[in-house]
Amino acid sequence: MAEQLSPDLRVNLCGVLLPNPLVLASGILGTTAELMERVAKNGAGAVTCKSCGPEPRAGHPNPTVLDWGPGLINAVGLANPGIDEAVEILRETRRRLQPLGVPLIASVFADSVKGFAEVTRRVCAVPPDLVELNISCPNVEAEFGRPFSLDPDAAAEVTRAARAVCDRPLLVKLSPNVTDVVAIGKAVVAAGADGLTAINTLGPGMVIDIESGWPILANRVGGVSGPAIRPIAVRIVYDLWAHLRVPIIGTGGVTCGRDVIEMIMAGATAVGIGSAVIQGGPAVFSRIAAEVRDYLASHGYASLNEIRGLAHARRHMEP
Amino acid sequence: MAEQLSPDLRVNLCGVLLPNPLVLASGILGTTAELMERVAKNGAGAVTCKSCGPEPRAGHPNPTVLDWGPGLINAVGLANPGIDEAVEILRETRRRLQPLGVPLIASVFADSVKGFAEVTRRVCAVPPDLVELNISCPNVEAEFGRPFSLDPDAAAEVTRAARAVCDRPLLVKLSPNVTDVVAIGKAVVAAGADGLTAINTLGPGMVIDIESGWPILANRVGGVSGPAIRPIAVRIVYDLWAHLRVPIIGTGGVTCGRDVIEMIMAGATAVGIGSAVIQGGPAVFSRIAAEVRDYLASHGYASLNEIRGLAHARRHMEP
Amino acid sequence: MRDGTWNPELPLPMTIREVRQETPAVRRFVLDGSLTAEPGQFIMVWLPGIDEKPFSLMNAQPVTLAVAEVGRFTRAMHQLSQGDRLWLRGPFGQGFTLEGRHLLLAAGGYGAAPLAFLARRARGEGRRVAVLVAARSRQHLLLVDEFRTLGCEVYTCTDDGSDSQPPRLAPQAVEELLTSLRPDALYACGPAGMLDALEALARQYHLPAQLSREAYMRCGIGVCGSCTCGDQLVCRDGPVFRIAG
Amino acid sequence: MRDGTWNPELPLPMTIREVRQETPAVRRFVLDGSLTAEPGQFIMVWLPGIDEKPFSLMNAQPVTLAVAEVGRFTRAMHQLSQGDRLWLRGPFGQGFTLEGRHLLLAAGGYGAAPLAFLARRARGEGRRVAVLVAARSRQHLLLVDEFRTLGCEVYTCTDDGSDSQPPRLAPQAVEELLTSLRPDALYACGPAGMLDALEALARQYHLPAQLSREAYMRCGIGVCGSCTCGDQLVCRDGPVFRIAG
Ligand SMILES: Cc1cc2nc3c(=O)[nH]c(=O)nc-3n(C[C@H](O)[C@H](O)[C@H](O)COP(=O)(O)OP(=O)(O)OC[C@H]3O[C@@H](n4cnc5c(N)ncnc54)[C@H](O)[C@@H]3O)c2cc1C
Ligand SMILES: Cc1cc2nc3c(=O)[nH]c(=O)nc-3n(C[C@H](O)[C@H](O)[C@H](O)COP(=O)(O)OP(=O)(O)OC[C@H]3O[C@@H](n4cnc5c(N)ncnc54)[C@H](O)[C@@H]3O)c2cc1C
Ligand SMILES: Cc1cc2nc3c(=O)[nH]c(=O)nc-3n(C[C@H](O)[C@H](O)[C@H](O)COP(=O)(O)O)c2cc1C
Ligand SMILES: Cc1cc2nc3c(=O)[nH]c(=O)nc-3n(C[C@H](O)[C@H](O)[C@H](O)COP(=O)(O)O)c2cc1C
Ligand code: FES
Ligand code: FES
């Protein structure tokens, strides 16, 4: 057999080099510097912190997260320590991640355009490698009103405001809970986003306990994630790539190497991993990275570039 | 122990009595009179025929339906024999179902408001017990343009046109693929719908074969059904019931008695069953009906009325 | 929560190890993978970008198919050669169940494929197996050598008598064999007309019969209602249907 | 496709079979159901409409909890009586592993609950178990009789000396017992300050120690990052952490 080089898992995400495409999704384990360092050491290609907002938030009461079988449902409610403490945590995280060569993505949210600009400005001082605007959390609607991600104009306005104060590559995280996600994607890219993260949780959904009649989440409804949402996420990544050709962190239901390859064939540059950490904890990253490497090696691909967007090139011939 | 009456599973759906709440969902097995009779004999409380449209349609090429694990994905593409033959099939179905006491729901679709009115008028001649407008199939967008269900005005217009020619109770089937499903529900109820069916398939989604890079469905994308979509369906039924209090056929991911009870606690009057037939075929209806009966009996409920909408009554006290 | 790949029925790729021209219209494809399946069960073969169609298993270990070129999809299959891949879902449906000590198998056209699988099982259990292979003409007689190698008694019949037998249709030949061989059970796969005639014969002779029928398949998993035969789904309740006789 | 209820971690209702006041602040709840669990593992208890909170198992078969009333949720629990229901998810986390022939268990407050479960297992395997039960004052000493019944040597210590022993804090009492009993392993559950002191002692005496720690729990399944202790997740990597000594 010919000598075979180990495939190159590195990806370029808006000018930032990731050692591999696996990105810890926001809201999963991203609460402390130590934990994010552990995730990086366990093989993540980038880590995203838990979304931080202008003020400390306790989040919703429990139950906040449930495993309902085909996926999770959560209404953590953007619990976070507020931007002041978040900046400290991010600084420390950056200090720990830099020697590992694992980029840091700072996820931010707010309840107003001004708030988004302010939080973005503050995190940029850290600085993180990329900034991600979470305009799409479906679990705080009662408080925050409709997420910005549900309307192209609102989404664009937030993006523009953040862009103006952001000197890092800027990602905007999209919601699947819209009729036309491409319209939102176009609006935020026109407003200055360098890339997209798709998708945030689906729904919201509800799971009811039939013994008591109570919706189980204290917030009654929550965002759905995990394997249940994978085909939706893949289709959205496919559509965004078809229309926009910007870097995308394809996120939603990825639990194994197969799913990563699928996302990249749909057009993703990198691949977010969230709910899958319940299967084996942070070690899930090295396991999945190995599966991706095996796939590339056994199929003779030197890098992920060779398969990115491949599904778009597969076009039926007319009979 | 006190003498216990067997619980009453009957439900009143827009004035039509169903022997139990389990409704065969449209597009599943509803192609021939013999098959629909078999489903009825196997314990369904009502059967919905495969959606029929103005003209015969071959539908999409294969693959059209896939089991991807947490659910199905399909792009059958509204294959149907056209209204002329459909009327014959429905007549024969009605003849066979009447002695069984199992109502027939005629599902119709078209690509224009006029078409909807015409097909509705034609099926009403059968007559079926109820008519269901399928304004929400996500698999024919390339051909038909945006489903009517994605816009309140379009949905209302179709409903109004069908209502004008429909002397049977009229259900409108809603899509989950909108930002505000309650707005669509309100619009169609204001336009004359007697009840709602929620939900049609989610998405669309996409599943890619990583060996070939091809989206597996020939239509590339398809609607997602089965367990994966259940929390979304439950939440939508909950929201519709909270705002509209009209009869709802709660549909999406129901596979067992537990799921039926959950839908009814969310506010459903009856419960649609589609993808679950892959688990045991038509016999799935009698199995699930028995599970519902057992639940009611063991919890001391005499009928489903006692638990309908129960989740709405469960309200957190402030601390 | 499990991973999203649990229990899916996604198409599984297999590579063609061998292609053999069996008759002018039929090729045998031996794949490099195996399935656990019963004779009479079928699979859906997917050629990405082309279509997905049902085929009976001629063998499951390794997966072997006998494919007649009749249209666009089967033409595309016939263009495949060793090393090419195809994708399959399944096995689906109810296969044959073995009954009787002395079996008569009647194969019309590519109906020989599932019956060859059945014959292998039956012979493996030491049952006596007679096979009638029927076709338009001699050169279209399928898998005659295969059945012989499996230790079956092989009879043939052709519409045009080119097999040096009197020209006959399959049902007539089967009726002759029923009288002469007195088998305990009849198994058949072939065109609908042939199967209908054999069903009538089975009732007339009070012989249990298992007939493998076709219908237009979409989902293959009993959901779409495309493959009905009366109130039966060919993909799920069939393709093999039993007549008590 | 399976049904949608496969492998979920939805709350499971159980009915209270018995409530017993153990100390002025702590009640024991015996439920009518069982779990397969290790000592040291915890469950999330959900009271619909109120909240969901973590509690160690005092026993798994039947599920038994010892709950101290400290706030809104535990107050609501204390209002429950026989026949009422509560819902649980779990068991979660890493429990104690048995090591050594002669164990010293140090229980601060409701920390006695998981240690009682551990003592039952250890005694069942014939290991020697000494227990220090510590509390503010005599009336708060939890599960002393339980440990005695299990065949443990029980020692107590109180902050105020109301147990007729010199007033001491738990770490001091533990250090005395380490010297006098020379156990092979130390197990402890109690307030964070106590555990930190015992961790230091374990290192000093080169004694393997397993400490059950607390943190603020949301998901319980290692997703939300709420329960960190350094780079460890208490819900998943803990709540029991081992020090080699
Ligand atoms: C259970 C079953 C087992 C079969 N086993 C074999 C086999 O072992 N070997 C073999 O050569 N053929 C077999 N067939 C028939 C095979 O599926 C068709 O020959 C093939 O689908 C033709 O496709 P095409 O595009 O080449 O031809 P087309 O031009 O598309 O069609 C030719 C004829 O094939 C049939 N056909 C087409 N599409 C389908 C479909 N989706 N489902 C069912 N029938 C269809 C129709 O009768 C049609 O008239 C089987 C069919 C069934 C239902
Ligand atoms: C692994 C573990 C095992 C536990 N085992 C037991 C036990 O066996 N018996 C027992 O009585 N208590 C146990 N607890 C503590 C118990 O969870 C808290 O006492 C309870 O949550 C208090 O809730 P409250 O509403 O009554 O009080 P609150 O007024 O809400 O809080 C009182 C204190 O309880 C703690 N607490 C509150 N909410 C949580 C939470 N979600 N997660 C962790 N701690 C919280 C905090 O330290 C808080 O200061 C355990 C905690 C953990 C983490
Ligand atoms: C418990 C939980 C908390 C989350 N919190 C956030 C958050 O704070 N910000 C955010 O942008 N997304 C958040 N998400 C969404 C995830 O980042 C991700 O987009 C989604 O879960 C889909 O990916 P998955 O299927 O791999 O989990 C959260 C998801 C979960 C399950
Ligand atoms: C193969 C298939 C075909 C369908 N065809 C139709 C249809 O023709 N008309 C329609 O209104 N809904 C159709 N649906 C949607 C179902 O009626 C139902 O709304 C959806 O599948 C969710 O329910 P389930 O999870 O129980 O399958 C179809 C679904 C499937 C899986
Ligand atoms: S092919 Fe779909 S039901 Fe048989
Ligand atoms: S409680 Fe969520 S990670 Fe531990």
Side-chain angles (χ1 to χ4, degrees), chain B residues 24-42 49-50 58-77 79-80 96 207-218 220 225-226 228 274-282 284, chain C residues 1-15 32-33 43-55 71-74 76 80 84-90 92-94 215-238:
Chain B
L24 175 69
S26 181
I28 285 90
L29 302 184
T31 49
T32 70
E34 293 89 339
L35 201 48
M36 285 188 265
E37 180 187 20
R38 178 173 167 200
V39 169
K41 284 185 170 161
N42 271 277
C49 71
K50 170 84 193 161
H60 297 307
N62 270 347
T64 46
V65 185
L66 276 178
D67 177 350
W68 55 280
L72 303 184
I73 183 165
N74 94 81
V76 170
N80 87 102
R96 290 169 181 253
V207 178
I208 297 171
D209 171 63
I210 65 158
E211 290 299 322
S212 64
W214 278 90
I216 302 178
L217 294 178
R220 305 178 93 75
S225 62
S275 305
V277 303
I278 80 165
Q279 300 159 3
V284 79
Chain C
M1 197 184 101
R2 302 228 191 138
D3 70 29
T5 54
W6 102 98
N7 206 33
E9 297 269 10
L10 298 187
L12 191 74
M14 290 193 187
T15 302
D32 70 343
I43 55 171
M44 297 296 291
V45 176
W46 178 46
L47 296 181
I50 301 178
D51 212 325
E52 189 197 39
K53 297 282 180 181
F55 295 91
R72 176 162 170 269
F73 185 83
T74 47
L80 300 177
D84 286 341
R85 283 193 300 185
L86 38 79
W87 279 250
L88 22 120
R89 290 192 295 136
F92 297 125
Q94 309 301 318
Y216 197 87
M217 303 280 177
R218 288 180 202 275
C219 70
I221 51 177
V223 167
C224 72
S226 157
C227 65
T228 49
C229 173
D231 73 347
Q232 299 288 296
L233 297 169
V234 172
C235 74
R236 179 181 187 107
D237 305 310

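We name chains A, B, ... by the order of the sequence lines, and we start the count at 1 in each one. As the structure is a prediction and not an experimental result, all values here were calculated from the model.
In this structure, Val277(B) and Val223(C) have side chains that are in contact, with non-hydrogen atoms separated by less than 4.5 Å. A 4.5 Å side-chain heavy-atom check between Trp46(C) and Ser212(B) finds at least one atom pair inside the cut-off. At least one side-chain heavy atom of Ile221(C) sits under 4.5 Å from a side-chain heavy atom of Leu72(B). Annotation: side chain of Pro11(C) is in contact with side chain of Leu66(B) (closest heavy-atom distance under 4.5 Å). Looking at Ile216(B) and Trp87(C), their side chains never come closer than 4.5 Å, going by heavy atoms from C-beta outward.
What you find for Arg218(C) and Ala79(B) is that their closest heavy atoms are NH2-CB, 3.6 Å. Scanning all heavy atoms of the two residues, the minimum distance from Gly225(C) to Leu35(B) falls at CA-CD2, 4.2 Å. Looking at every heavy atom in both residues, Glu211(B) comes nearest to Pro13(C) through CG-CG, 3.4 Å. Nearest heavy atom pair, residue Trp214(B) against residue Pro48(C), reads CD1-CB, 3.2 Å. Closest approach of Met217(C) and Asn62(B) over heavy atoms only: O-ND2, 3.1 Å.
Interface summary for chain C: among Asp67(B), Ile28(B), Thr64(B), the most heavy-atom pairs under 4.5 angstrom belong to Asp67(B). Ranked by heavy-atom pairs under 4.5 Å with chain B, the first of Met44(C), Gln232(C), Glu9(C) is Glu9(C).
The part of Val207(B) that comes within reach of chain C is its side chain, from C-beta onward, which places non-hydrogen atoms under 4.5 angstrom from that chain.
Distance check: Thr32(B) OG1 to Leu233(C) CG gives 8.0 Å after rounding to the nearest 0.5 Å. If you take CG on Asp209(B) and CG on Leu12(C), they are separated by 9.5 Å, rounding to the nearest 0.5 Å.
Taking Asp237(C) as the reference, Arg38(B) meet the salt bridge (charged side-chain N to carboxylate O under 4.0 Å, His left out) condition, with sequence neighbours excluded.
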